[in-house]
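A, B, ... follow the sequence lines: proteins, then strands. Residue 1 opens every chain.
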Amino acid sequence: MPPAIHPVDLVQVLRHKQLTPAIVFLTSRRACDEAIEAFERRAPVIAPERTEAIRTFLADLSKQFPSIAQHPLLPTVQHFAVAAHHAGHLPSWKIAVEELMRKGYLDAVFATTTLAAGVDFPARTVVITQSSVRKTRDFTDLTIGEIQQLAGRGGRRGKDLVGFVVVTPSPYIDLDVIAKGLTGYPEPIDSQFVVSYPMVLNLLKAYPLDQIEGILAKSFAQFQLNQRAAVHQEHLDAIHVKLAAYGTRECADWITQWQLFDLAKKRTSQRRLPRQPDSPEVAARLPFLTPGRVVKTSKGRAIVLRHYASRGKRQPMVSLFLEKGAIIECPVSHVSQIYDKIVDIEPAPHFPWCTPHSFERLVEQWEHLTARLQTLPIVIDQEATEDQELVNTLAEDFPCPTCPSRQACRRDHPAALRLRQKAQQLTKTVQALKTGLWHRFQERADILHHLGYLTPTFQLTAEGEWARLIRIDHSLLISELIRMGAFDAIEPALLAAVLASIAHDDDRPGSYLRMSPGLATMMHRVRAVAESLEPYEEPPLLRSDVAALTERWVGMPELTWPQLIRMTAMAEGDVYRLLARTLEYLSQIHTLKATHPSLADTAKIAIATMQRDVLKELP
Amino acid sequence: MNETRSLSDQDLQTMLEALPLRRLHSLAKGRIPRHFRMGKRRLIVSLLGLQGEVRQYLAAEVTRHMAEQRTAIDAQQISRKRSLPAPATARHKIKSPSTATTARSGTPPTTIEAVLEGIGVPPPTEFRPDPWQLEAVSCLSTSDVIVSAPTGSGKTYVAVEAAKRAIQQDQTVIYTSPLKALSNTKYMEFSQIFGADRVGILTGDRRDNAQAPMLIMTTEILRNLLYDAASGEIDVRLNTLGLVILDESQYLADPERGVVWEETIIFCPAQARLLLLSASIGNPDEIAAWLRSIRPVPCHLIHHRERSVPLRACYLHPNGNLTPLFRTRDLVQGRGYAFHPETLKLFAEFEARTFGRSKR
């Protein structure tokens, strides 16, 4: 979203308040370009001397970087002292803008937030127009670290006494996010350690297998995992202390023993009795819950109005008269105390379960209840409820029915079982945290063994020896392609094209260039291999348009950069990055000259053909 | 009791109408069967229809609730009037804006004139390094150093000075940055400082002056060098390697490339000192603790928070009106924030204009 203020007005205000030079951070490349276009129709405001100075400076610089001389934004920069700076531009243009900014020739640079992470050039003022940024697919709020990275460009050391952050709203801006970012402390960072295939091969080349676990343990990832494990371990120790407090029983593992016994008892009883009997607590209290009885519940004191069996709840229920005349129904198990006090009521079969006259009286009697009431001691007979016959039949299989510590076991079992389950869970978690990285390494090593890069004893095979030199993304796909001979006697243009499609991971739409039949067949094959490797490695996008574009650039040495750019809808900067990344991949292939001399030569030819025009300009 | 008994139907009805529906349901619980099926109007009608004692209890409860609410509002107003001194908050904790507003309202908000005051170019002074910069350089002789400092506060000075010392002692220095573009910039910068013949560059596709005492490369290239060295293909440079400078070390947390920084640090030769330069991050102490646990030499952490040029914040309204963003003039970290009242007014106006129609 572009800011609500017009870019021309924005720059005018900044100039008026002496807040220039400024960097204006915008959401998208398009917003930056549109902001610059907005200046084109205005009358120039800067002094002609400055225009002249910029012109001479850029003319000087274009001797080193010829691509600057034809840049379409050149007139705007010269007449309005503003420029756009984003990833869609060529590096040479970005360098030019940075240099102009350092020399103080520009008043404002419109930039995307990606700039903040990369090259540094400061200004007096930073203008923030957004609180969120597009990451992969959706918008996420800027983190405190990111906002400070943006704001940090404000105020040049030695050139400014004060730096400024100017916040100007655009739709969907959240001022609080920005304010927090400006005044808070940045977030802690976390390790992003992943075990990659080249890492496995290189580690196994350099170290014996038994040392590798120790090396992985040195990673920041493991350091952070250990910290988490330590917290869990503390918790676990506390649980062990609690478990130890139960002391020793007749049998060594009384929790399991009692659990099995309990289970067996339930199974047998289920077979015999269709309905569960009431629990001993409930059964013992039931005879006392006559109408008029005063009892204690979680809601305070209450008077029993009736008790009944609820079909829905499958347990005995009571209707209770509470303070302030409320009437509730609750299971008998909610009654915690029974008092030695009965008030007079006349039961009735309908709500409120007593005659209106006695209900009025009940309210009065409630008022007169004394603060302290005698509780009735209820004897709960655990043994009585147990089916003696049942226990006797189980006595053959379990020692529990006759064990002296059976009462204690019955009492402690539920809590102890819960603690032990928690302890087992924590033990597993701690174990997983401590050995997770090593297991991931072993997984990867197993896959490499399966594919034939490692021997069963995890030594590098001849194939592994050269495959470890490919230390880029999608290394597995590239080495598999080399192994199956897909690149044998390949033309340089085709090799570059395939690598470009593997290297390019941007999903900004391009255009649909026609591929040569050879490349089409090749891409089909690469796609099949990538799909077959999907369980082991995330397949790359394999876009055919970038492959076709690279094929043209390498296959047609007479093609100039502007001609290439005219073929595609991709931004210049994106094409440059694509080719630069392809060059990196090609140079990795070139390192295989010892084992694959002809392929390395092809890569070398491709590199040499690619590095021309704009790509030769910058080192 | 007498008072509640005399409460008329009319009064009770107005009181009940003022209550939220949730509250009405809790009043009806146990008094009206199937109250949960009712709406507000029917609930009030049935509550008013209660007779006798039940009705009395209901009235008493409602009056008590009203009285409680009144005292709560009073208490809130009193606490708002009282101006409390702003307590120093713990790290990472940001006060919610509302409490910050109440806490700071004792002092009058700053003005835009005050914020814009003092714009200008400082008189050219002789460059004098800050104490933390000197500390970083001197500590490198005995330990690894992590510098976490805000952008533009002079981390490069530390790198240059440390590199100078190492080169004087005939050691090799490797400087890595995350981006090729940054490597190129630094190559030009360092070539001017050290002389073109003493600086080399190694990137994915470029190899200039690779035997120079100071080498600039991307972190991936250094990682590859370290792997090659570990697997026996000894690279001469690593024997004399005395200092490894990792610029922009906050890339450690980059989802795709962070692992490269970890590998580099793990495999960094024991005789070489590590200098990690990072932008402001939240847990440099944790990274220092990690380095201490895996490196043979101690690790010194320099956590510098102050900016060398003070920063102030403004709000620019789309109509060109410039106001201070916060009540206070300078930005202070870790103390919460309170927006300037004028800014709040302008921003509310902006939101009303932008979203006004769609919200209604």
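Contact of B:Pro122 with chain A is made through backbone and side chain together, with heavy-atom distances under 4.5 Å. If you measure heavy-atom distances from A:Tyr585 to chain B, you find no contacts under 4.5 Å at all. Looking at B:Ser280, the atoms closer than 4.5 Å to chain A (heavy atoms on both sides) sit in the backbone and in the side chain alike. Both the backbone and the side chain of B:Val121 have a heavy atom closer than 4.5 Å to some heavy atom of chain A. For chain A, the nearby parts of B:Leu311 are the backbone and the side chain; heavy atoms of each come within less than 4.5 Å. For B:Glu262, the part sitting under 4.5 Å from any heavy atom of chain A is the side chain, from C-beta outward, and nothing else. Residue B:Val260 does not touch chain A at all, counting heavy-atom pairs closer than 4.5 Å. The part of B:Asp254 that comes within reach of chain A is its backbone (N, CA, C, O), which places non-hydrogen atoms under 4.5 angstrom from that chain. Both the backbone and the side chain of B:Leu252 come within contact range of chain A, with heavy atoms under 4.5 Å apart. Heavy atoms closer than 4.5 Å to chain B are found in the backbone of A:Arg156, but not in its side chain. Only the side chain of B:Leu322 has a heavy atom closer than 4.5 Å to any heavy atom of chain A. The contact between B:Phe127 and chain A is made entirely by side chain atoms (from C-beta outward), counting heavy-atom distances below 4.5 Å. Heavy-atom distances place no part of A:Ala217 under 4.5 Å from chain B, backbone and side chain included. Only the backbone of A:Asp190 comes within contact range of chain B, judged by heavy atoms closer than 4.5 Å.
Residue with the most contacts toward chain B among A:Arg468, A:Glu360, A:Lys94, A:Gln588: A:Arg468 (heavy-atom pairs, distance under 4.5 Å). With chain B as the partner, the residue from A:Leu10, A:Leu175, A:Thr168, A:Val127 showing the most heavy-atom pairs under 4.5 Å is A:Leu175. Residue with the most contacts toward chain A among B:Val259, B:Ile201, B:Leu316, B:Thr125: B:Leu316 (heavy-atom pairs, distance under 4.5 Å). Options A:Gln222, A:Gln12, A:Gln224 differ in how many heavy-atom pairs under 4.5 Å they form with chain B, and the most are formed by A:Gln224. Between chain B and the options A:Lys159, A:Arg124, A:His16, heavy-atom pairs under 4.5 Å are most frequent for A:Lys159. Counting heavy-atom pairs closer than 4.5 Å to chain B, the top-ranked of the candidates A:Val13, A:Leu469, A:Val166, A:Ile328 is A:Val166. Of all the listed residues (B:Leu58, B:Leu116, B:Thr343), the one sharing the greatest number of non-hydrogen pairs under 4.5 Å with chain A is B:Leu116. Contact count against chain A (heavy-atom pairs under 4.5 Å) is highest for B:Glu286 among B:Arg307, B:Arg31, B:Glu286. Comparing B:Val332, B:Ile287, B:Asn224, B:Leu291 by heavy-atom pairs within less than 4.5 Å of chain A, the highest count is held by B:Asn224. The candidate from B:Gly258, B:Pro33, B:Gly120 with the greatest count of non-hydrogen atom pairs under 4.5 Å with chain A is B:Gly120. When each of A:Gly158, A:Ser219, A:Pro198, A:Ala326 is checked for heavy-atom pairs under 4.5 Å with chain B, A:Ser219 comes out on top.
Other residues, nucleotides and ligands place more than 12 heavy atoms under 6.0 Å from the NE2 atom of A:His6.
Ring planes of B:Trp261 and B:Tyr251: parallel class, angle under 30° (limits at 30 and 60°).
Annotation: the span from B:Thr156 atom OG1 to B:Gln133 atom CD amounts to 9.5 Å, rounded to 0.5 Å. Within the model, atoms CZ of A:Arg577 and CG of A:Leu90 stand 10.0 Å from one another, a figure rounded to the nearest 0.5 Å. In this structure, the separation between CG on B:Leu179 and CZ on B:Arg257 is 6.0 Å, given to the nearest 0.5 Å.
A donor atom on one side chain and an acceptor atom on the other are found under 3.5 Å apart for B:Ser177 and B:Ser183. A donor and an acceptor atom, one from each side chain of B:Asn321 and B:Tyr315, are nowhere located under 3.5 Å apart. Inspection of the B:Tyr57 and A:Glu323 side chains reveals no N or O donor paired with an N or O acceptor under 3.5 Å. Donor-acceptor pairing under 3.5 Å is recorded for the side chains of B:Gln250 and B:Glu248.
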Subject >> Stepwise side chain to side chain contact (heavy atoms under 4.5 Å, CB included) check, B:Gln333 with A:Leu182 >> reply: CA-CA 7 Å; B:Gln333 277 192 325; A:Leu182 290 175; over 6 Å; no
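The six-membered or imidazole ring of A:Phe193 lies away from that of A:Phe220, with a centre-to-centre distance of 6.0 Å or more.
Without hydrogens or angle criteria, A:Gln611 side chain to A:Ala608 main chain gives no donor-acceptor distance under 3.5 Å.
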